[in-house]
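Before any comments, here is the structure.
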Amino acid sequence: ELKISGYFKDIMGTDNIKGGLKSDIALKFIKDKDPKDGLMIGDTLADLKIAELMGVKCLLLADSHQSKRRLREAHDEVYDSLKEIKECIK
């Protein structure tokens, strides 16, 4: 375990991989929060799109559904591991 929960006030996640439902959940979550304080950690271009809809910063993890090359074509902040992301959010 990376023990990163202490870096965040609120954490939201879903095990539902259907993008449409994920965006509804995310928009409801951010509704009463300041987007400039938000961060989304995702592993797909769909996650990046949801972060953009929410108005939050997005870090992408290139160890799952989509290749690093494909993620980098769309976004600058792409990481190879959760350990790298932890270093970024410290």
Side-chain angles (χ1 to χ4, degrees):
E1 183 176 311
L2 293 174
K3 300 178 182 176
I4 63 172
S5 62
Y7 295 114
F8 302 99
K9 182 178 178 183
D10 297 305
I11 298 175
M12 187 271 305
T14 179
D15 60 2
N16 186 325
I17 61 170
K18 294 181 179 157
L21 296 175
K22 192 188 290 188
S23 64
D24 292 344
I25 293 167
L27 290 172
K28 209 176 284 186
F29 177 80
I30 199 72
K31 181 180 172 188
D32 299 324
K33 297 168 178 54
D34 188 345
K36 73 174 174 51
D37 295 329
L39 170 68
M40 180 165 188
I41 299 172
D43 59 4
T44 66
L45 295 176
D47 292 332
L48 175 61
K49 186 63 99 179
I50 292 168
E52 291 170 349
L53 287 172
M54 294 170 67
V56 301
K57 181 177 178 170
C58 184
L59 305 178
L60 293 175
L61 181 61
D63 77 344
S64 189
H65 299 291
Q66 294 181 317
S67 71
K68 185 174 186 175
R69 180 191 56 78
R70 187 165 182 200
L71 295 174
R72 280 229 184 258
E73 288 173 358
H75 193 58
D76 291 333
E77 295 194 65
V78 179
Y79 299 88
D80 291 315
S81 69
L82 285 172
K83 187 175 179 180
E84 283 184 14
I85 288 177
K86 181 179 179 180
E87 293 301 315
C88 177
I89 62 175
K90 276 186 173 179

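All figures in this text were calculated on a predicted structure; none of them were measured in a lab.
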Those residues at least two apart in sequence (or on a different chain) that pass side-chain contact (heavy atoms from CB on, under 4.5 Å) with Glu52 are Leu48, Lys49
Does Ser64 have any side-chain contact (heavy atoms from CB on, under 4.5 Å) partners at least two apart in sequence or in another chain, and if so, which?
Asp43
Interatomic distance, CG@Leu71 vs CG@Leu59, rounded to 0.5 Å, equals 12.0 Å
Got Leu39 and Tyr7 here, is their nearest side-chain heavy-atom distance under 4.5 Å?
no
Run the side chain to side chain donor-acceptor pair (under 3.5 Å) test against Lys68 and tell me which residues pass, sequence neighbours left out.
Asp80
Here the gap from Lys86 atom NZ to Cys88 atom SG, rounded to the nearest 0.5 Å, amounts to 13.5 Å
Starting at CG of Leu60, measure out to CD1 of Ile41 and round the result to the nearest 0.5 Å.
10.0 Å
Above 12 or not: heavy atoms from other molecules or residues under 6.0 Å from CG of Asp76?
no
How far apart are the closest heavy atoms of Gly55 and Pro35, and which atoms are they?
O-CB, 3.4 Å
If you measure from the Lys or Arg side-chain nitrogens to the Asp or Glu carboxylate oxygens, is any gap between Lys83 and Glu87 under 4.0 Å?
no
Decide yes or no for Lys22 and Asp47: does some side-chain heavy atom of the first lie under 4.5 Å from some side-chain heavy atom of the second?
yes
For the residue pair Val78 and Arg72, what are the closest heavy atoms and their distance?
O-NH2, 3.1 Å
Does any part of the side chain of Lys57, heavy atoms only, come nearer than 4.5 Å to the side chain of Glu77, both counted from C-beta?
yes
Does any non-hydrogen side-chain atom of Phe8 lie less than 4.5 Å from one of Ile89?
yes
At what distance, to the nearest 0.5 angstrom, does OG1 of Thr44 lie from CD1 of Ile50?
7.0 Å
Closest heavy-atom pair, Leu45 versus Arg70, reported as atoms and distance to 0.1 Å, is CD1-NE, 3.8 Å
Ignoring hydrogens, what is the shortest heavy-atom contact between Met54 and Ala26? Give both atom names and the distance.
SD-CB, 3.3 Å
